[in-house]
Protein chains: 2
Amino acid sequence: MIENKNCIIRLSHYKSALNRFKSLGFIKIFSDYLADAAGVSSAQVRKDFSLFGIAGNKRGGYQIDALLEQLNVILGKNQIQNVILVGAGHMGAALLRYKNFEKEGIRIVCAFDIDPAKCTTKQEIPVLPLSELEKYVAEQAVRIAIICVPAIAAQATLDMLVKAGVKGVLNFAPIQLKAPEDCSLSYVNVETELENLIYKVNARERSDMITREKAALQD
Amino acid sequence: MIENKNCIIRLSHYKSALNRFKSLGFIKIFSDYLADAAGVSSAQVRKDFSLFGIAGNKRGGYQIDALLEQLNVILGKNQIQNVILVGAGHMGAALLRYKNFEKEGIRIVCAFDIDPAKCTTKQEIPVLPLSELEKYVAEQAVRIAIICVPAIAAQATLDMLVKAGVKGVLNFAPIQLKAPEDCSLSYVNVETELENLIYKVNARERSDMITREKAALQD
DNA sequence: TAGATTGTTAATCGATTAACAATC
DNA sequence: TAGATTGTTAATCGATTAACAATC
């Protein structure tokens with residue numbers, strides 16, 4: 001893989017911005033406008049595209065439809081991606097009901113939980129006992145999973161998923177996990193994000209206060 | 001601010017790893033072990049600490065309690081941080097019921113929604129009409145907010161929050177937002193994370209296939 | 001053509017890592 | 001003391017940005 005770590009995430013942002021431009025009736029777009037909508041520089045946009053051999057027209061910008069087509073191929077949107085979810089607690093249940101995945105070609109096909117009370121086959125997406133996970137993953141050739149179990153159970157869950165053959169895991173549990181090289185791991189950690197925000201806000205308040213104090217001293 | 005962008009996120013990870021070590025009965029820890037638990041290098045750990053003037057004992061490592069104390073001060077854990085949430089849909093409701101925030105000193109004090117049917121003062125965390133947001137933020141001096149509204153409404157929501165005086169926003173809506181300089185913005189984007197994982201898994205499969213083809217050609 | 005935008009190279013910037021002197 | 005670990009400096013690595021030639 002040549003391209004850099006953040007590039008794919010940006011391609012994903014370009015795609016969603018392009019969909020918005022398209023729905024507003026735009027046919028073509030310049031790197032400048034797309035950059036603005038995605039919150040990056042126009043050089044970044046052109047660089048990202050050139051990494052993937054996406055070409056525009058000098059002086060004419062990019063055709064939105066053609067661009068979307070190419071991004072969809074890169075991001076694997078040409079076929080629906082089946083995903084499973086482990087842990088049907090508050091967060092897991094919210095993701096099961098989240099409607100935006102489907103329009104992005106991502107489908108949560110099944111959930112698993114260790115608690116029999118949470119298991120059901122009576123809703124749109126079934127929740128099965130954890131004991132059936134390995135068989136399901138093997139039979140359905142599932143490659144992507146989402147972990148929504150408590151931190152204490154997260155590593156064991158990951159181990160089980162890896163053993164079953166899962167190759168990519170998105171972990172919502174607030175703990176760093178260890179996976180073998182052939183399984184990718186991403187994190188969503190809301191606590192950490194909030195802590196980071198709180199730090200920034202506090203740091204700015206402190207520096208504002210110092211600025212004010214200096215100003216007061218000059219008077 | 002001297003320190004780098006990812007440093008605070010790592011401090012947050014160190015903190016949670018240290019809490020686990022502590023609960024296992026450890027008193028002291030070396031940068032090596034902490035690094036391993038947080039998934040980074042030991043040089044990174046020592047560098048991060050030195051940026052904040054956190055010192056250990058040469059040859060003796062770090063006292064876990066003292067370390068946690070210092071990290072808590074840096075991360076603003078010495079006082080409870082009040083946070084509001086806008087948009088009480090699936091994701092918003094899941095966050096309202098999420099119990100891990102409290103033990104991190106983060107408290108969602110109130111939620112807001114434009115839909116009167118979602119509003120209630122009969123549960124632990126009230127859900128008020130959006131029209132009361134500005135008054136509430138001003139009166140309670142809220143500085144941090146979480147946006148869980150649909151993408152289409154996210155920018156207007158952010159504008160409203162900024163106008164009311166919020167200084168840091170965590171956005172769950174899948175769209176890039178624009179905020180003035182004095183308001184920090186972070187994102188949680190589950191679709192993007194999944195797309196990134198799918199890309200990596202597909203890329204690895206492709207490169208494995210090429211490897212196998214080459215091997216087959218050599219036979 | 002003149003003007004504007006792409007595509008790419010080289011420069012810059014920032015973050016991570018390696019290495020090792022200081023020292024407990 | 002000898003050995004091991006910290007704290008820090010310098011080297012490396014990678015990502016972003018600036019700049020501009022190519023060209024539509």
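Note on naming: letters A, B, ... go to the chains in the order of the sequence lines (proteins, then strands), and numbering restarts at 1 for each one. Values below: every heavy atom of this structure, side chains too, minus hydrogens, waters and symmetry copies.
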With a 4.0 Å cut-off on heavy atoms, is [X] in touch with a base, just the backbone sugar-phosphate, or nothing at all?
X	value
B:K5	sugar-phosphate
A:N6	sugar-phosphate
A:S31	sugar-phosphate
B:G60	nothing

**Study point:** For D:dA21, the Watson-Crick or wobble partner whose two distances fall under 3.5 Å
**Key:** C:dT6
Point to revise | Watson-Crick/G-U partner (both atom distances under 3.5 Å) of D:dT16 | key: C:dA11
Send over the distance from [X] [atom1] to [N] [atom2], rounded to a whole Å.
X	N	atom1	atom2	value
A:L34	C:dG7	CG	P	13 Å
B:R46	C:dT17	CZ	P	12 Å
B:D32	C:dT17	CG	P	14 Å
A:F49	C:dG7	CZ	C1'	12 Å
A:K28	C:dT5	NZ	C1'	11 Å
A:Y33	C:dT6	OH	C1'	15 Å
B:F52	D:dG7	CZ	P	15 Å
B:D48	C:dT16	CG	P	8 Å

**Study point:** is_close_aromatic(A:F49, A:Y14), centroid dist under 6.0 Å
**Key:** yes
Minimum-distance nucleotide to [X] side chain [options: [options]]:
X	options	answer
B:K58	D:dT16, C:dC24, C:dT16	C:dC24
A:F30	D:dT16, C:dG7, C:dT6	C:dT6
A:Q44	C:dT6, D:dT16, D:dT8	D:dT16
B:N4	C:dA15, D:dA19, C:dT9	C:dA15
A:A43	D:dT8, D:dA18, D:dT6	D:dA18
A:A55	C:dT16, C:dA19, C:dG7	C:dG7

Exercise for review: Name the residue closer to the 5' end of DNA chain D, choosing between B:I29 and B:K47 according to the nucleotide with the nearest heavy atom.
Suggested key: B:I29
When you measure from the side-chain N and O atoms of [X] to the phosphate of [N], is any distance below 4.0 Å, counting only OP1 and OP2?
X	N	value
A:Y62	C:dG7	yes
B:S41	C:dT17	yes
B:R59	C:dA22	no
A:N57	C:dT6	no

Review point. Does the A:Y199 side chain pair with the main chain of B:I9, one donor and one acceptor, at a distance under 3.5 Å?
Key: no
Exercise for review: Determine whether the side chains of B:D159 and B:Q155 contain a donor N or O and an acceptor N or O closer than 3.5 Å.
Suggested key: yes
Exercise for review: For the residue pair A:I74 and A:K15, establish whether any side-chain heavy-atom pair is separated by less than 4.5 Å.
Suggested key: no
Check your understanding: Can you name the nearest heavy-atom pair linking B:L185 to B:L177, along with the distance?
Key -> CD2-O, 3.6 Å
Review point. Has A:L24 got more than 12 heavy atoms of other residues, nucleotides or ligands less than 6.0 Å from its CG?
Key: yes
